[in-house]
Structure formats: structure tokens, C-alpha cells
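A quick write-up on the structure given underneath.
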Amino acid sequence: MEERTMSDRITLRRFDDMHCHFRIGPIMIDVVPFTARYAGRATVMPNTRPRAILTGKDVIWYRDHLLRLLNGMKLAGMSVLEPLMTIEIRDNTTPKMIVEAKRAGAIAGKVYPLGVTTNSDEGLRDFSGKKILETFRAMQDVGMLLLLHGEIDQERTLVTKREEAFLPTLLWLAERFLDLKIVLEHVSTRSGVQTVERLGKNVAATITVHHLCLTLNDIIGYGVQPHNACNPMPKDFEDRDVLIQAATSGNAKFFLGSDTAPHLREKKECAKGACGVFTAPVLPAVLAEVFERAGKLDRLEDFTSRFGAEFYGLPLNEGTITLVKKEWIVPEQIGGVVPFRAGTKLRWQLLREE
Ligand code: DOR
Ligand code: ZN
């Protein structure tokens with residue numbers, strides 16, 4: 001028997017992954033089980049196609065769809081994952097739709113500003129009109145979180161500056177809705193982190209594992225690498241340093257939202273390829289690597305399994321997962337999707353359930 005020391009093994013409370021793209025259709029069968037291996041709950045993004053999740057009816061339909069899949073996995077002896085449902089907030093979302101969606105079980109509303117990412121072609125145009133403010137107020141009243149894709153596409157703004165261009169909107173909303181819980185999703189810049197740090201306790205941010213690893217060089221610096229392309233685009237080294245510092249700092253405003261976003265290989269390797277990185281197959285292993293390198297493995301569990309639950313107002317997950325120090329090579333492809341770090345060696349491995 002191989003001898004193992006404590007530093008070869010980490011046991012963590014099951015994760016809350018507060019930002020997951022599970023999609024619709026056959027791809028779900030390949031992608032959802034990866035998240036279920038380590039997460040007790042997952043916030044499910046509503047930018048699905050052909051049917052976007054916009055109303056209470058959509059929430060019930062999508063959750064049933066997911067639960068059928070998850071129950072099948074449970075029968076096969078795999079862990080259960082609770083999907084935390086969301087709706088997409090568009091210019092035509094009304095307070096009545098908010099109340100209905102909340103009643104149907106939606107925990108949050110997600111805003112995609114128009115045109116900034118995958119499936120945002122009907123995203124929000126107006127953040128300050130009377131109608132949308134009434135909608136945000138309804139969210140505050142019913143206790144629904146506001147999840148923001150924090151980028152804005154405007155003239156003469158480079159893709160790498162879109163998050164910074166959005167921050168005044170975040171400030172403006174946070175000042176007006178002091179009791180609305182707001183999450184700046186997948187924060188990617190130093191200014192984004194600093195803005196969240198200085199806002200009140202109703203404002204937090206999620207951080208992805210790929211933004212803790214990548215800079216823009218990993219997308220366009222050594223040939224175009226479409227499987228690393230995502231929105232917001234990873235930025236400069238300094239931004240990445242600040243993200244690692246925020247994730248490992250023990251500041252409860254920063255927690256895991258992986259933005260695991262699978263796209264079939266042919267949708268990535270083409271002209272106008274889709275943005276999104278499929279991180280679920282490697283997520284706990286790569287996070288352990290990042291936190292270990294920062295000398296902060298002891299802070300990993302708070303980031304993955306405590307701060308998100310506390311911000312959402314949920315009890316902590318029951319159950320644990322275990323990672324062991326054992327090298328493995330990430331598969332080149334899974335169900336037609338190229339995962340993050342494909343073909344590379346990782347040093348932590350998630351123990352399979354017995
Ligand atoms: O890279 C991304 N992919 N960012 C998003 O905001 C959306 C996501 C997707 O749906 O693929
Ligand atoms: Zn996303």
C-alpha cells in the first residue's frame with residue numbers, strides 16, 4: 001500500500017457552484033454528472049437555446065428536465081445535486097413575471113447585457129429605465145438575487161475593457177437597491193475586484209477557475225486557442241494576481257461560480273467560435289493546484305463551500321468530497337467537448353465515489 005500523508009489528501013465539504021451552464025438536450029447527459037461529482041448545489045444559467053428560461057413556466061420545465069436526469073444518476077448510485085434555478089432578465093421582464101418565477105422556485109435573475117456573450121442576442125439594453133427599475137425592485141421585494149454578467153459592449157470599447165466599462169452601472173444599481181443581493185459574475189479585473197470590495201455587503205462576486213489560470217496570452221498569445229476563449233476574456237497578469245488574491249483571501253464576498261460552459265468542439269474550432277470553457281471535469285483538481293501554489297489550501301473550502309451559501313442565505317451542504325495527490329491526464333475530449341486543460345497533467349485527483 002502506498003503511504004499517504006495528510007498533505008496528500010484533502011477532504012472538503014461538497015461545493016456550491018454558483019454559476020453553471022447545463023444547456024438543453026443530449027449534451028446535458030455528458031456535462032451535468034461532472035458537476036454532480038463535487039457540488040451539492042449549482043446555480044443553473046438561463047441562457048439556453050432553443051428555449052431560454054424567462055418565466056415561472058420555463059423554470060418548472062427546465063427543472064423537471066434536470067431532475068429527470070439527476071434522479072437517473074441517483075438511481076445509478078451517484079450523488080445528488082440540487083439545481084438552483086434562475087430566469088433571464090430582459091427588457092420585457094415584468095414585476096409579475098418575477099413574482100411568478102419566484103413562486104416557481106427561481107432563486108435568482110440573470111442579466112446579460114445585449115450582445116456581450118453567448119446567447120445574449122436578446123440581452124438587456126436599458127439598465128436605468130422606469131420599467132426595468134420596477135423589475136429590479138420586485139426582485140428585491142421577493143428576495144431574488146440579481147446576477148450580473150458585468151460587461152458592456154459600447155463603441156470604441158475593446159473587448160478587454162468591457163468589464164471596466166460596466167462598473168459604473170454596478171455602482172449605480174448597488175446604490176439604489178441596498179437590499180438587493182447583487183453578484184458580479186466571473187469578475188475578471190483588478191477594478192472589478194476593488195469595486196466589489198468597497199461596495200456594501202449586499203454585493204459579492206463569483207470567480208471562475210479559468211480566470212485564476214489564464215491571461216489573454218493563453219487565448220491569442222501563442223496561436224489562437226479557441227478552447228480557452230470565454231467572456232469576459234481573461235486579462236493581464238496583474239488582474240489574474242488580484243483574482244487569486246481575492247479568491248484565497250478569506251474575504252466572504254468572493255466565492256466559486258465556475259461558469260463551466262460546454263460547447264461542442266466544432267462550435268469552438270471555426271470562424272466566430274463560441275465563447276465558454278468547459279471546466280467541470282477538472283474543477284476541484286485545478287482549484288486545489290491554484291490554492292496550493294498560493295500557499296492557501298486551508299482557504300479553499302470557504303471559497304468553494306461556505307461563502308456562496310452564506311451570501312445566498314442557504315444552509316451549508318452536507319457531505320464531503322476527497323481529493324488525493326495522484327497525477328492524471330485530462331482527456332482530450334468528453335462527449336464531443338474539449339475540457340479545460342485537455343491533454344495536460346494534473347496533480348490532484350477527485351476520488352471516485354464508492
Ligand atoms: O464564456 C462564456 N460562456 N461566458 C458567458 O457569459 C456565457 C457562457 C456560455 O453560455 O457559453
Ligand atoms: Zn456564464
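Values reported hereafter were calculated over all heavy atoms of this structure, with side chains retained and with hydrogens, waters and symmetry mates removed. Whatever order the structure lists them in is the order used to number ligands and atoms, beginning at 1.
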Strictly below 4.0 Å, N to O, side chains only: are K325 and E292 in salt-bridge contact? yes
For a distance under 2.8 Å, give residue and atom name for each protein N, O or S atom next to the Zn ion (ligand 2). H19 NE2, H21 NE2, D259 OD1
So, E185 and H19: side-chain donor and acceptor under 3.5 Å apart, yes or no? yes
For the residue pair N317 and D16, confirm or rule out a side-chain donor-acceptor distance under 3.5 Å. yes
Please assess T86 against K110 for the test side-chain hydrogen bond (donor to acceptor under 3.5 Å, both in side chains), listing each intermediate value before the final yes or no. CA-CA 7 Å; T86 66; K110 173 76 187 275; over 6 Å; no
Who pairs with Y312 by ring pair (Phe, Tyr, Trp, His ring centres under 6.0 Å), at least two apart in sequence or on another chain? none
Can you work out which protein residues put a heavy atom within less than 4.0 Å of ligand 1? H21, R23, N47, T117, T118, H149, H186, C230, N231, D259, A261, H263, C275, G276
More than 12 heavy atoms from other groups under 6.0 Å of NZ on K296: yes
Show which residues join I219 in its hydrophobic cluster (side-chain heavy-atom contacts under 4.5 Å, direct or indirect), or state none. V159, L216, I220, M233
Can you say whether the rings of F166 and F127 are parallel (under 30°), tilted (30 to 60°) or perpendicular (over 60°)? perpendicular
What is the ring orientation for H211 with H186, classed by angle as parallel under 30°, tilted 30 to 60°, or perpendicular over 60°? tilted
